[in-house]
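For reference, the structure discussed in these notes is given below.
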Amino acid sequence: MGSKNWAAVTLMAAGALAACAVPHQGTATPAVAVVAPPTTIVLQPPAVAAPPQTVYVAPPETRTVHPAPAVPVARTVIAYYEALNRRDFLTAWNLGGRRLAKGGAYASYVKGFATTSWADLTVTGVSGNRVDVHLSARQTDGSLRTFSGSYTVSGGAITGADMKRVS
């Protein structure tokens, strides 16, 4: 290649480099891209239900309906449930809980009432030493259990029970 050709190639290469280095007028080359700010998002903690709270309800007075509590065997059954409602398990144990536990230990007897808040007793009849009752027992979870049946009383203490759960 002759020196003229090299000169032409050199000029063309120099022109091409110069064209790349200097931007064309009228064409804007952004130095920084402007981006619109994102939509604002507020994050809130997830809604969480409040933990359940234990609510203590005062037990109602044990009530009797028929017959009047002057009947000694009925008074024994009423006294038994009054003691349970007061959480006086020793008195309840001595009023017949010992026999109702059927040979079980006192601690097991007491533990058996751990989920009972209170009991509402209705004496529905008395015949000799048998006391017919209806019993509603409120549980610590708020549910209500009902029972119907009879207790046998002898010597001022409950000696037997024939109770069936109704609901």
Side-chain angles (χ1 to χ4, degrees), residues 28-167:
T29 306
V32 176
V34 178
V35 179
T39 305
T40 304
I41 298 174
V42 177
L43 295 178
Q44 296 180 352
V48 177
Q53 296 181 355
T54 303
V55 178
Y56 295 94
V57 179
E61 291 295 318
T62 303
R63 61 188 172 104
T64 56
V65 178
H66 168 75
V71 179
V73 291
R75 284 188 159 277
T76 300
V77 176
I78 293 166
Y80 174 77
Y81 279 97
E82 286 176 340
L84 289 175
N85 283 339
R86 289 191 313 269
R87 307 311 249 188
D88 181 358
F89 296 112
L90 184 58
T91 297
W93 178 258
N94 291 327
L95 284 170
R98 174 187 328 263
R99 290 181 184 93
L100 296 176
K102 298 180 182 171
Y106 174 75
S108 296
Y109 170 78
V110 171
K111 189 176 179 181
F113 293 98
T115 61
T116 304
S117 291
W118 53 264
D120 183 36
L121 179 73
T122 303
V123 173
T124 59
V126 175
S127 178
N129 64 346
R130 191 184 83 218
V131 181
D132 298 318
V133 299
H134 180 76
L135 173 68
S136 298
R138 179 69 63 188
Q139 304 303 296
T140 55
D141 66 0
S143 64
L144 187 68
R145 294 180 183 173
T146 57
F147 302 85
S148 187
S150 64
Y151 289 97
T152 303
V153 178
S154 179
I158 298 170
T159 57
D162 181 21
M163 298 293 291
K164 303 285 186 241
R165 184 171 175 178
V166 177
S167 67

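If you read the sequence from its start, that first residue is 1, and numbering goes on from there. What you see is a predicted model, and the numbers here were worked out from it, not measured in a lab.
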query = Parallel under 30°, tilted from 30 to 60°, perpendicular over 60°: which one fits the rings of Phe89 and Tyr109?
reply = perpendicular
message = So Tyr81 and Leu135, do their side chains get closer than 4.5 Å, heavy atoms only?
response = yes
inquiry  = My understanding is that only one of Ile158, Val153, Thr91, Asn94 makes a side chain to side chain contact (heavy atoms under 4.5 Å, CB included) with Tyr80; could you say which?
reply    = Ile158
request  = Kindly determine whether Leu121 and Ile78 satisfy side-chain contact (heavy atoms from CB on, under 4.5 Å), including the steps that lead there.
outcome  = CA-CA 7 Å; Leu121 179 73; Ile78 293 166; 4.1 Å; yes
ask   = Do Thr152 and Thr159 meet the criterion of a side-chain donor-acceptor pair at a distance under 3.5 Å?
value = no
task = Go through the steps to decide whether Val123 and Val77 satisfy the test side-chain contact (heavy atoms from CB on, under 4.5 Å), and finish with yes or no.
result = CA-CA 9 Å; Val123 173; Val77 176; 5.6 Å; no
task = Check whether any side-chain heavy atom of Tyr151 sits under 4.5 Å from a side-chain heavy atom of Val73, and report yes or no.
result = no
key: Separation of Asp132 CG from Thr122 OG1 (nearest 0.5 Å)   = 12.5 Å
request  = Go through the steps to decide whether Lys164 and Ser148 satisfy the test side-chain contact (heavy atoms from CB on, under 4.5 Å), and finish with yes or no.
outcome  = CA-CA 6 Å; Lys164 303 285 186 241; Ser148 187; 5.8 Å; no
ask   = Looking only at heavy atoms, which two atoms of Ala92 and Ala83 are closest? And how far apart?
value = N-CB, 3.8 Å
inquiry  = Looking at every non-hydrogen atom in both residues, tell me the closest pair between Gly96 and Ala157 and how far apart they are.
reply    = N-CB, 4.4 Å
query = Considering all heavy atoms of both residues, which atom of Ala114 and which atom of Thr140 are nearest to each other, and what is their separation?
reply = O-CG2, 3.8 Å
key: Heavy-atom side-chain proximity of Leu144 to Gln139 below 4.5 angstrom   = no
query = Do you know the tightest heavy-atom contact between Ser117 and Arg87?
reply = O-NH1, 4.1 Å
ask   = Is there a donor-acceptor contact under 3.5 Å from the side chain of Tyr106 to the main chain of Gly97?
value = no
message = As an exercise, state the distance from CE of Met163 to CG of Leu100, rounded to the nearest 0.5 Å.
response = 10.0 Å
inquiry  = Show the nearest heavy-atom pair for residues Thr76 and Gly156, with the distance to one decimal.
reply    = CG2-O, 3.4 Å
inquiry  = If I compare all heavy atoms of Ala101 with all of Trp93, which pair ends up nearest, and what's the gap?
reply    = CB-CZ3, 3.8 Å
